[in-house]
Amino acid sequence: MDLSEHKKVKIITGEGAVRKNSALFCSAGKRALVVSGKNSADKCGAMADVACALDEAGVSYVRFACIPENPPAPMCHEGGEMARREGCDFVIAIGGGSAIDAGKAIAGYAANPDCSVDDIFDDNKRVNDCLPIIAIPTTAGTGSEACRYSVLTIDGGRKKKTFKHSSAYAKYAFVCPEYTRTMPELYTVSTALDALSHSIESYLSPKSTPESEEAALYAAGEIWDVIFRGADTENGEYTMKARERLSYAACAAGIAIDYTGTGFPHPLGYSITLTRKIPHGNACAVFEGAYLTYNMLKSEGREKIMKLAAHLGTTPLEMIEKIPEKSGVREKIGVIPEIEREELIDRVAGAGNYTNSPYIISRGEMSDIYARIFG
Ligand code: NAP
Ligand code: FE
């Protein structure tokens, strides 16, 4: 699939792309706020490349290098204040989905001085477009570089809420698989499972289009091949070829969900990420078996799942078993008492994702899913 054809974001791929394209940085602005987590942007080499490109382009920058996993909205609000105080006119986000989502929110807060933390989600209160954004993923998972969503943690860590807007698309996304080389096995698998979940949930969505389906099928095929068949791995290690396939697949899955949104594994996954610190991809993948099983009960769902499984060269049953198993979440968490399971479901009540698949899940069925996995 040709990622450069994506209409919403100019996607630039390949080794050395950041250094080779320094001119694009000065076309985004004169002074950048570089948003990242604490370590990975430096560790993977992306920050050094960005510093070099900015230097060559004559663009100054300051750093906001403190974004944790599951970025809290209040911290992004502070980042917006810093961008204004420092006179930054664009944002460069380097990292996984957490840093890129935070970069989008910071770009929104920076352009809207009167926005309170909660106002970012309200189109009537957030009146100005986000500052321009350049996204540089260092994980191969969320596809945030290709979509307009920014998933933020609110209510003191109790909930997640998505800010989405057409001005939150990155102006440029540099997808350079070499930056994912430093990712440990745990995160390589977890982020790949996130991208696989995106492709499955997008493919089954009633909002899917021929374009989103093409992206979803491509992404799922690549990820299945590398993660479940071990293609392009050597002695259990991911080769650069494998990392390239996963990075481009994750980006394509981001394009797919930009059309459709995600399904119920996502909100259900948020609850165990926030309470049990399970990485996002694993947390979604543990519910993917239930998602496929319920959707097999509807003819539209069954037909699509059969097509998807055939494309992967597997069966629906194998997907239903292997995806949650690969997440390792059940073993890690063990039993959750019923009262707590119900509280976890209440936390993520009302999400639009529940109606975004052929089978619409009920509250009682959510309890059944939790009981089967964690009972
Ligand atoms: P992440 O939370 O961004 O990062 C996870 C960990 O991996 C961090 O400790 C990070 O370190 C580290 N890391 C990142 N790149 C690395 C590298 N190249 N080498 C070594 N370590 C590296 O993980 P993610 O799975 O990419 O993002 C998850 C977030 O994205 C969640 O908040 C989720 O809700 C959101 N999400 C957004 C979308 C969307 O459409 N926008 C879709 C799905 C998920 P540092 O802290 O040092 O950077
Ligand atoms: Fe996700």
Side-chain angles (χ1 to χ4, degrees), residues 9 35-47 64-73 76 93-105 133 135-154 157 159-165 168-170 173 176-202 219 238 243 246-247 250-251 253-274 277-285 287-288 348 353:
V9 178
V35 176
S36 70
K38 286 204 174 98
N39 304 305
S40 66
D42 294 276
K43 191 170 153 192
C44 75
M47 186 61 222
F64 191 68
C66 56
I67 305 300
E69 291 177 40
N70 311 302
C76 299
I94 309 174
S98 296
I100 297 179
D101 285 0
K104 293 175 184 176
I133 300 153
I136 307 179
T138 65
T139 64
T142 70
S144 180
E145 68 278 11
C147 70
R148 66 195 187 290
Y149 309 127
S150 159
V151 185
L152 303 174
T153 303
I154 56 166
K159 291 185 174 173
K160 282 192 167 210
K161 193 167 177 179
T162 302
F163 153 54
K164 59 172 186 268
H165 192 251
Y169 283 113
C176 308
E178 73 257 31
Y179 298 144
T180 68
R181 203 186 275 134
T182 46
M183 260 210 296
E185 156 97 16
L186 171 78
Y187 278 109
T188 303
V189 173
S190 167
T191 50
L193 290 176
D194 183 25
L196 180 62
S197 303
H198 293 167
S199 54
I200 295 172
E201 292 163 36
S202 175
Y238 297 93
R243 295 205 174 276
L246 293 175
S247 291
C251 185
I255 294 173
I257 57 167
D258 192 51
Y259 284 91
T260 60
T262 51
F264 76 69
H266 266 73
L268 295 188
Y270 292 159
S271 64
I272 56 168
T273 290
L274 294 175
K277 300 210 176 328
I278 299 293
H280 171 69
N282 304 61
C284 295
F287 296 109
E288 217 61 41
V348 288
N353 313 53

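Each ligand, and each atom within it, is numbered from 1 in the order the structure gives.
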Looking only at atom types and distance, does a side-chain atom of Asn353 sit under 3.5 Å from a main-chain N or O of Pro267, one as donor and one as acceptor?
no

Go through ligand 1 atom by atom and flag the ones less than 4.0 Å from a non-hydrogen atom of Tyr149.
40 (O), 41 (N)

Side-chain heavy-atom pair Tyr238, Met183 within 4.5 angstrom cut-off:
no

Report the part of Asp101 in contact with ligand 1, treating N, CA, C, O as backbone and CB onward as side chain, heavy atoms under 4.0 Å; options are side chain, backbone, both, neither.
side chain

Could you point out which residue of Thr142, Ile100, Thr162 forms a side-chain contact (heavy atoms from CB on, under 4.5 Å) with Tyr149?
Thr162

Would you confirm whether Asp258, through its side chain, and Arg148, through its main-chain N or O, come within 3.5 Å as a donor-acceptor pair?
yes

Pro68 touching ligand 1 at heavy-atom level, < 4.0 angstrom
no

Quick one: angle His280 NE2 - the Fe ion (ligand 2) - Asp194 OD1, to the nearest 10°?
90°

Could you check atom 19 (N) of ligand 1 against the protein and tell me its nearest heavy-atom contact, residue, atom and distance included?
Thr182 OG1, 2.8 Å

What protein heavy atom sits nearest atom 1 (P) of ligand 1, and how far away is it?
Ser98 OG, 3.5 Å

Any atoms of ligand 1 less than 4.0 Å from a non-hydrogen atom of Val151? List them with their elements.
34 (O), 37 (C)

Within rounding of 10°, what is the angle whose vertex is the Fe ion (ligand 2) and whose arms end at NE2 of His266 and NE2 of His198?
90°

When you compare the side chains of Glu69 and Ser98, does any donor N or O come within less than 3.5 Å of an acceptor on the partner?
no

Heavy-atom proximity to atom 26 (O) of ligand 1, best of Ile94, Ile67, Ile257, Thr139:
Thr139

Give the atoms of ligand 1, by number and element, whose distance to some non-hydrogen atom of Asn39 is under 4.0 Å.
47 (O)

Using a 4.0 Å cutoff against the non-hydrogen atoms of Tyr179, which atoms of ligand 1 qualify?
18 (N)

May I ask you to check whether Ser40 has an N/O atom sitting below 3.5 Å from an N/O atom of ligand 1?
yes

Of all the atoms in ligand 1, which lie at a distance below 4.0 Å from a heavy atom belonging to Asn70?
31 (C), 32 (O)

Heteroatom proximity flag, Thr138 to ligand 1, N/O under 3.5 Å:
yes

The answer for which part of Lys38 has a heavy atom under 4.0 Å from ligand 1 is backbone

Would you check if the side chain of Thr180 reaches a backbone N or O of Pro177 as a donor-acceptor pair within less than 3.5 Å?
yes

Main-chain N/O of Arg243 paired to Ser247 side chain as donor or acceptor, under 3.5 Å:
yes

Which bit of Thr273 is near ligand 1, meaning a heavy atom under 4.0 Å away: side chain, backbone, both or neither?
neither

Counting only nitrogen or oxygen atoms and a 3.5 angstrom limit, does Pro71 reach ligand 1?
no

Note: Thr191 and Thr188 closest approach over all heavy atoms is OG1-O, 3.3 Å

Just verifying a value: how many Å separate Phe64 CZ and Ser36 OG, rounded to the nearest 0.5 Å?
10.0 Å

Suppose I only count heavy atoms of Met183 and a 4.0 Å limit; which atoms of ligand 1 are within that range?
16 (C), 17 (C), 18 (N), 19 (N), 20 (C)

Determine whether the side chain, the backbone, both or neither of His198 has a heavy atom under 4.0 Å from any heavy atom of ligand 1.
side chain

Would you check if Thr273 and Asn70 make a side-chain contact, meaning some heavy-atom pair closer than 4.5 Å?
yes

For atom 32 (O) of ligand 1, which candidate among Lys160, Glu69, Lys43 provides the closest heavy atom?
Lys160

Which is it for Tyr187 and ligand 1 at heavy atoms under 4.0 Å: side chain, backbone, both or neither?
side chain

Would you say the Fe ion (ligand 2) has Cys284 as a near neighbour, meaning an N/O/S atom of that residue under 2.8 Å away?
no

Residue-level breakdown please: for Thr191 versus ligand 1, do any non-hydrogen atoms fall below 4.0 Å on the side chain, on the backbone, on both, or on neither?
side chain

